[in-house]
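Since the model is a prediction, treat every value here as computed from it, not as a measurement. In what follows, residues are counted from 1 in the order of the sequence shown.
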Amino acid sequence: MSASSNAIESVLVENRVFPPADSVVKAARVSGMAGYEALCAEANKDPEGFWARLAREHLQWTKPFTQTLDESKAPFYQWFADGELNASANCLDKHMGTPVENKAAILFEADDGTVTQVTYRQLLERVSQFANALKAHGVQQGDRVLIYMPMGVEGVVAMQACARIGATHSVVFGGFSAKALNERIIDAGAVAVITANYQLRGGKELPLKAIVDEGLSMGGCDSIKNVFVYQRTATACDMVAGRDKTFSEILAGQSTECPPTPVGAEHPLFILYTSGSTGKPKGVQHSTGGYLLWAKVTMEWTFDIRPDDVFWCTADIGWITGHTYVAYGPLAAGATQVVFEGVPTYPNAGRFWQMIERHKVTVFYTAPTAIRSLIKAADSDESVHPKNWDLSSLRILGSVGEPINPEAWMWYYRHVGGERCPIVDTFWQTENGGHVITPLPGATPLVPGSCTLPLPGIQAAIVDETGKDLPNGAGGMLVIKRPWPSMIRTIWGDPERFKKSYFPEELGGTTYLAGDGAVRSADRGYFRITGRIDDVLNVSGHRMGTMEIESALVAKTDLVAEAAVVGRPDDLTGEAICAFVVLKRSRPTGEEAKQIATELRNWVAKEIGPIAKPKDIRFGDNLPKTRSGKIMRRLLRSIAKGEPITQDTSTLENPAILDQLAQSN
Ligand code: PRX
């Protein structure tokens, strides 16, 4: 059973329904279920006509497209392929000469609370200047640029500048290790790295450039010609002559005007690495036209964004949510957004609420894991409870990244949204580009813990292993049966893996397999996500492959003989990582086991990043295996959860090992 089963049991009995208030329905862009159904009907009647209309209305094309969808190479679908546009022009230039030009694009709040404001005009100038600096250093259209930056204006500028000159960016979250960076640089064949000397989070100064140096020194990175360093703090960092330059050096003398380079709609805007079921992260490749269309449209549908909104998505630009709903969507929509450098618990766990009050945030989008940790903090310390701040500016709340348990949903609804703000529980994935199943704030009656209904044009369904549709009430695999504009185009450098992972032959080869289990409610047909059905874990909304962590553990060749990693439910982080380890030496116990576990955790942090550290490490003389040598993970999942083993163990080679693993902790 999946790790999120507790949450699912409670949502299965969920019968509270929260319809949007009449005033919300009246004012919304997609107004009432009638508005939603009208869009769905248009999309179903003529999908291509629907997407073409949206693409013409929402994007500015330097060369109009003549064909909407090309299915000739399915599942390598192409959208608007003969059209040309530039993503940065669609986020910035298009607002010049309109009332948006001098409005705030970004309200940046630093870790220490300092606020800086950047208007759309200023952002355009900064992006253009940075784009010119990239060009001056030989970065060309089609080149890959790796970005390893803190949250801040500069990270957004770097992404937009790449887009402006047609370079493909690959952002790596600032918490990933030197080794992870090294692998991504090699896989992407990046020509440059954009980084900062340090990042500031929770009052601490954490190195970034030193990790880049270490990553580059691991070898295989000959493609890298330049490292551009933003000096976020006054602390010096090592600079390699000829290769490394500070932002001030490269920006000096560069013009603040840079004509955007038109690219084909299918041109890869970015590659973003994410975890899959094998050890190697996948470089998810997104397009320019279809992706940007979805970023813009979902800002309007899901967040009902308006000119006077202050939007705040708390995700880091290192994740897909920070791409679509920080770096591109809000700008394409001409919104004012808050960008936050720090963490929700510094200087105390009231930081989010304080920031909502301070910036008069109207649309707030965060992850269940953050909500759960802030509930816990507020429960034990009244002074950080949201009731201490004026949150009356809020009108829409959003949730993303993992299932939100109904208890957390209700707290969010009551104490943050004042029982007035709809919660959009947005289901989507790195591969989807933007929301695919979500309520619309002025239309969908809400059910806590359910992401409700697919967006117009998204043919989501639940099927069995043979691809047969399942009736409401029956759990199965979540699929999307028709292509949509912002879908993943391929896995960078591995088209075969793309086909196998997402369009398996068993389902006919053209149905998108999400990798999640889901069930639709009997009454409304609402979707509920029941968690991953593959070897992918979701820890605090961060996606991690069990195999990836296993590979990291066994890479400690002096110590580890074998390792198996599974997830177990965790009240705070959704899932927790649990590793079963067989050492090359005898099985440690007591203090020694604790010491080795700490050593292994630190090792995984170095191999992948601190977010991949196993919470539990259990040592055994062996792992439960079938006679053919296959590790029986379902048994390990039961042990990790502390459940009695009720499954059939007759095919097990070594049943005695189960007791040993259950006892060792
Ligand atoms: O398991 C689903 C979960 O997060 C996975 C995708 O992770 P990632 O590619 O990192 O993207 C996260 C942000 C879009 C999914 O396969 N997930 C995401 N949103 C939800 C969710 N599970 C339940 N409810 C959601 N709203």
Side-chain angles (χ1 to χ4, degrees), residues 144-150 169-199 201 206-224 227 229 237-238 240 243-244 271-284 316-319 430 491-494 497 535-537 539 542-563 565 577 579 581 596-615 617:
R144 273 82 57 212
V145 175
L146 193 127
I147 298 178
Y148 189 61
M149 288 285 279
H169 59 69
S170 183
V171 185
V172 177
F173 174 61
F176 277 113
S177 69
K179 175 103 183 292
L181 249 164
N182 174 272
E183 287 165 0
R184 285 156 176 75
I185 289 169
I186 295 172
D187 191 81
V191 301
V193 179
I194 305 175
T195 188
N197 61 342
Y198 286 86
Q199 60 178 333
R201 283 167 71 83
L206 307 164
L208 285 176
K209 172 64 165 55
I211 297 173
V212 171
D213 289 342
E214 195 187 337
L216 291 176
S217 72
M218 288 173 169
C221 300
D222 298 342
S223 58
I224 296 289
V227 178
V229 187
C237 65
D238 289 343
V240 175
R243 187 195 73 182
D244 304 350
I271 305 166
L272 183 58
Y273 286 85
T274 190
S275 296
S277 0
T278 66
K280 195 172 173 266
K282 313 188 255 202
V284 172
D316 192 283
I317 52 165
W319 309 112
T430 304
I491 293 176
W492 181 259
D494 202 346
R497 190 174 175 198
D535 295 316
V536 171
L537 304 182
V539 184
H542 296 151
R543 195 167 143 178
M544 234 129 10
T546 52
M547 306 277 186
E548 219 175 318
I549 306 168
E550 285 168 15
S551 312
L553 285 166
V554 296
K556 184 136 187 61
T557 46
D558 56 331
L559 195 62
V560 177
E562 221 178 351
V565 170
I577 302 168
V581 178
I596 298 180
T598 305
E599 189 182 345
L600 291 179
R601 274 189 200 103
N602 293 338
W603 171 264
V604 173
K606 257 196 111 42
E607 286 286 292
I608 304 174
I611 51 173
K613 278 185 184 180
K615 186 158 185 187
I617 296 189

Sequence neighbours excluded, which residues qualify as side chain to side chain donor-acceptor pair (under 3.5 Å) partners of K209? D213, D244
Output every pair passing side chain to side chain donor-acceptor pair (under 3.5 Å) with a member in residues 188-198, not counting sequence neighbours, ordered by first then second residue. N197-T233
How long is the span from the CZ atom in R201 to the CG atom in D316, to the nearest 0.5 Å? 6.5 Å
For atom CG of D238, decide whether the heavy atoms of other residues, nucleotides or ligands shown that lie under 6.0 angstrom number more than 12. no
Check the angle between the aromatic planes of W319 and H542 and answer parallel, tilted or perpendicular using the 30° and 60° thresholds. parallel
Is there side-chain contact between W603 and V560, with at least one heavy-atom pair below 4.5 Å? no
Within 6.0 angstrom of K556 NZ, more than 12 heavy atoms from elsewhere: yes
Is the backbone N or O of L206 less than 3.5 Å from a side-chain atom of Q199, with the two atoms forming a donor-acceptor pair by type? no
For A196 versus L208, what's the shortest heavy-atom pair and its separation? O-CB, 3.2 Å
Given I617, which partner from the list V581, I577, V604 fulfils the side-chain contact (heavy atoms from CB on, under 4.5 Å) test? V581
Output the distance between atom OG (S177) and atom CD1 (I611), rounded to the nearest 0.5 Å. 9.5 Å
Could you grab the distance from atom CG of L272 to atom NE2 of H169, nearest 0.5 Å is fine? 9.0 Å
Looking at side-chain heavy atoms only, is the closest gap between E183 and Y273 below 4.5 Å? no
Any idea which heavy atoms bring E550 and A563 closest together, and the distance? CG-O, 3.6 Å
Atom pair NZ (K280) and CE (M547), whose distance is rounded to the nearest 0.5 Å: 15.5 Å
Any side-chain heavy-atom pair from K282 and D494 closer than 4.5 angstrom? no
If you measure from the Lys or Arg side-chain nitrogens to the Asp or Glu carboxylate oxygens, is any gap between R543 and E548 under 4.0 Å? no
Can you name the nearest heavy-atom pair linking G189 to S223, along with the distance? C-OG, 3.7 Å
Taking every heavy atom of Y148 against every heavy atom of F173, the minimum-distance pair comes out as CE1-O, 3.4 Å
Between R144 and A188, which heavy-atom pair has the shortest distance, and what is it? NE-O, 2.7 Å
N182: side-chain contact (heavy atoms from CB on, under 4.5 Å) partners, not counting sequence neighbours: I186, M218, C221
Kindly compute the distance separating CD (E599) from CG (L559), expressed to the nearest 0.5 Å. 5.5 Å
With rounding to the nearest 0.5 angstrom, report the CG to CD1 distance, L216 to I185. 4.5 Å
I need the minimum non-hydrogen distance between K613 and R601, along with the two atoms involved. CG-O, 3.4 Å
